[in-house]
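Data first, discussion second: the structure below is written as structure tokens.
The sequence lines fix the lettering, A, B, ..., with proteins before strands; numbering per chain opens at 1.
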Amino acid sequence: MTVTPEFQGTHLFDRLCWAKENLEPVQSDYRVVYEDSVDECAKILVPDPNWMACALQGGILPPVEVYWELAKDEARPDFKKHTRGYLLHETKPVDAMTEEQAIEYLILKDCPQSVWQSWDEGNRPKMVICRKEQLPQTREWRNSWRISDDLNLAA
Amino acid sequence: MAGTIAADTLTHSTAGSLGTQYVVNGSAKAWLNINQTSTQAIRDSFNVSSIADNGTGLTTVTVSSAFANNDYLATIALRMQSGTSNTGSSGGVNTSDGSASITTTAHQLSYINTGSTGDADTPYGGSSIHGDLA
């Protein structure tokens with residue numbers, strides 16, 4: 001089994017270089033379908049295979065809260081460039097995740113906060129985790145895809 | 001980090017010297033190769049955490065190691081479906097004066113078929129991104 005070096009304090013880019021060289025990509029069958037605008041079709045989040053390998057390996061990716069902090073900085077009207085990029089590199093990396101935990105992390109990182117903060121509020125869910133084979137198999141009417149009103153949510 | 005060589009200049013025995021800042025600044029900091037047809041998928045990549053299928057011809061790319069600002073450059077690759085490529089195709093990055101904004105971690109790729117002037121999925125797309133990392 002490949003052992004992750006001690007990466008706290010190492011630039012995240014360098015960690016990803018190590019991962020690319022040492023880890024096999026993992027193609028996840030999970031997809032996250034979400035709606036962030038009533039005027040637009042449903043979006044589908046696809047995990048990156050090399051990123052998923054990092055998540056399952058552990059000791060490489062920073063805590064997701066780091067990305068939230070950087071997003072807060074970026075949202076400021078006077079933002080020019082990141083001055084707290086060190087958070088990505090100096091914060092203790094997260095431990096190995098299961099594939100399901102990795103998908104949850106990815107939702108918190110890459111889906112709009114407005115979606116995951118209130119995904120189950122309103123008349124129907126704004127976000128669903130599913131498997132690739134549950135999606136339509138052709139791209140027909142892609143720009144009209146919505147989350148089904150008849151969705152049965154697992155408890 | 002183990003195995004590190006610190007150098008400001010690389011010198012070839014006959015061809016001259018090259019400052020390592022050329023290597024650092026000139027290297028792509030992220031790249032990916034995607035297929036938008038069927039269920040959108042990533043063939044291979046570096047420094048990407050996910051893509052989002054935003055509709056026909058549209059893909060948002062999100063990176064792991066954030067860029068210092070949103071002035072990075074994404075060079076777009078594309079090839080349209082067999083049978084439509086002869087009519088021409090085009091791709092670019094959607095910007096804030098369009099329907100998407102560029103952030104330090106995400107940008108949206110947009111592909112069109114110039115023959116039909118409509119959005120179109122490409123079987124071979126992606127971007128190579130140059131810029132300064134945070």
Side-chain angles (χ1 to χ4, degrees), chain A residues 5 7 9-18 20 25 27 31-34 40-52 54-55 60-62 66-67 70-71 73-74 79-89 105-106 109-111 132-133 135-139 142-145, chain B residues 1-4 24 27-72 81 99-106 108 118-121 123 131-134:
Chain A
F7 271 146
T10 300
H11 198 290
L12 178 55
F13 185 85
D14 292 330
R15 301 181 208 173
L16 299 174
C17 289
W18 177 88
K20 183 78 177 174
Q27 286 280 4
R31 299 290 183 269
V32 181
V33 184
Y34 64 91
E40 296 177 14
C41 61
K43 318 286 172 59
I44 301 167
L45 190 77
V46 182
D48 178 83
N50 292 300
W51 180 90
M52 182 58 78
C54 292
I60 300 170
L61 303 173
V66 166
Y67 291 102
L70 296 181
D73 292 347
E74 194 170 347
F79 175 81
K80 296 282 186 232
K81 64 180 290 188
H82 282 303
T83 56
R84 296 200 295 159
Y86 60 85
L87 292 173
L88 288 166
H89 322 305
Y105 176 114
L106 201 59
K109 176 184 176 298
D110 291 352
C111 284
K132 186 171 65 172
E133 58 267 22
L135 297 171
Q137 296 304 300
T138 73
R139 304 278 293 172
R142 172 63 187 88
N143 291 339
S144 300
W145 288 6
Chain B
M1 193 174 171
T4 298
V24 174
S27 301
K29 303 303 187 301
W31 61 267
L32 80 165
N33 180 331
I34 60 169
N35 181 357
Q36 289 184 315
T37 62
S38 187
T39 304
Q40 289 200 8
I42 301 171
R43 289 193 184 88
D44 201 358
S45 67
F46 179 70
N47 188 15
V48 172
S49 58
S50 71
I51 58 170
D53 169 1
N54 295 331
T56 304
L58 298 174
T59 303
T60 293
V61 179
T62 307
V63 301
S64 297
S65 192
F67 285 85
N69 55 43
N70 64 0
D71 292 332
Y72 55 82
Q81 288 276 32
S99 59
S101 61
I102 300 173
T103 70
T104 60
T105 53
Q108 189 185 69
D119 293 333
D121 292 319
D132 298 328
L133 292 170

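- Heavy atoms of A:Cys17 lying under 4.5 Å from chain B belong to its backbone as well as its side chain.
- Here the CD1 atom belonging to A:Ile44 is positioned 10.0 Å from the CD1 atom belonging to B:Ile51, to the nearest 0.5 angstrom.
- Here A:Asp110 is the residue among A:Leu87, A:Leu61, A:Asp110, A:Thr138 with the most heavy-atom pairs under 4.5 Å with chain B.
- One finds the OG atom of B:Ser50 at 10.0 Å from the CE atom of A:Met52 (value rounded to the nearest 0.5 Å).
- Applying the side chain to side chain donor-acceptor pair (under 3.5 Å) criterion to A:Asp73, with sequence neighbours excluded, gives A:Arg84.
- Residues B:Asp53 and A:Arg139 are in side-chain contact: their nearest non-hydrogen atoms beyond the backbone lie under 4.5 Å apart.
- Heavy atoms only, all atoms of each residue included: A:His82 and B:Ala134 are closest at CB-CB, 4.0 Å.
- At a cut-off of 3.5 Å, with distance as the only test, no side-chain donor of A:Asp48 or B:Ser49 sits close to an acceptor on the other residue.
- Taking B:Ala66, B:Ser64, B:Ala52 one by one and counting their heavy-atom pairs under 4.5 Å with chain A, the maximum is reached by B:Ser64.
- Without hydrogens or angle criteria, A:Lys43 side chain to B:Thr60 main chain gives no donor-acceptor distance under 3.5 Å.
- Applying the side chain to side chain donor-acceptor pair (under 3.5 Å) criterion to A:Arg31, with sequence neighbours excluded, gives no partner residue.
- Side-chain contact annotation: A:Lys109 with B:Thr62, donor-acceptor N/O pair under 3.5 Å absent.
- Of all non-hydrogen atoms in A:Cys41 and B:Gly55, the two that sit nearest each other are SG-CA, 4.0 Å.
- For B:Asp44 and A:Asn50, the side-chain atoms include at least one donor-acceptor pair closer than 3.5 Å.
- Here A:Trp51 contributes atom CH2 and B:Phe46 contributes atom CZ; the two are 15.5 Å apart, rounded to the nearest 0.5 Å.
- Contacts with chain B were tallied for A:Glu74, A:His11, A:Lys80; A:Glu74 has the most, counting heavy-atom pairs under 4.5 Å.
- Heavy-atom distances place the backbone of A:Gln137, and not its side chain, under 4.5 Å from chain B.
- Between A:Arg142 atom CZ and B:Leu58 atom CG the span is 9.0 Å, to the nearest 0.5 Å.
- When B:Thr105, B:Asn69, B:Thr59, B:Val48 are compared by the number of non-hydrogen pairs under 4.5 Å with chain A, B:Val48 comes out ahead.
- Rounded to the nearest 0.5 Å, atoms CG (B:Asn54) and CD (A:Glu40) are 7.5 Å apart.
- Heavy atoms closer than 4.5 Å to chain B are found nowhere in A:Ala71, neither backbone nor side chain.
- Counting heavy-atom neighbours within 6.0 Å of B:Asn35 CG, excluding the residue itself, gives a total above 12.
- With a 4.5 Å cut-off on side-chain heavy atoms, A:Pro49 and B:Arg43 do not count as touching.
- For A:Leu135, the part lying near chain B is the side chain, with the backbone staying farther off; criterion is any non-hydrogen pair under 4.5 Å.
- Side-chain contact between B:Ser65 and A:Leu16 is present, with at least one heavy-atom pair separated by less than 4.5 Å.
- Looking at heavy atoms from C-beta onward, B:Thr104 lies out of side-chain contact with A:Lys81 at the 4.5 angstrom threshold.
- Residue contact with chain B, scored on non-hydrogen atoms closer than 4.5 Å, is absent for A:Tyr86.
- A:Pro136 and B:Thr39 make their closest contact through O-OG1, 4.4 Å (heavy atoms, listed as atom of the first residue, atom of the second, distance).
- Under a 3.5 Å cut-off, the side chain of A:Gln27 and the backbone N or O of B:Ile42 do form a donor-acceptor pair.
- Between B:Leu133 atom CG and A:Leu88 atom CG the span is 9.5 Å, to the nearest 0.5 Å.
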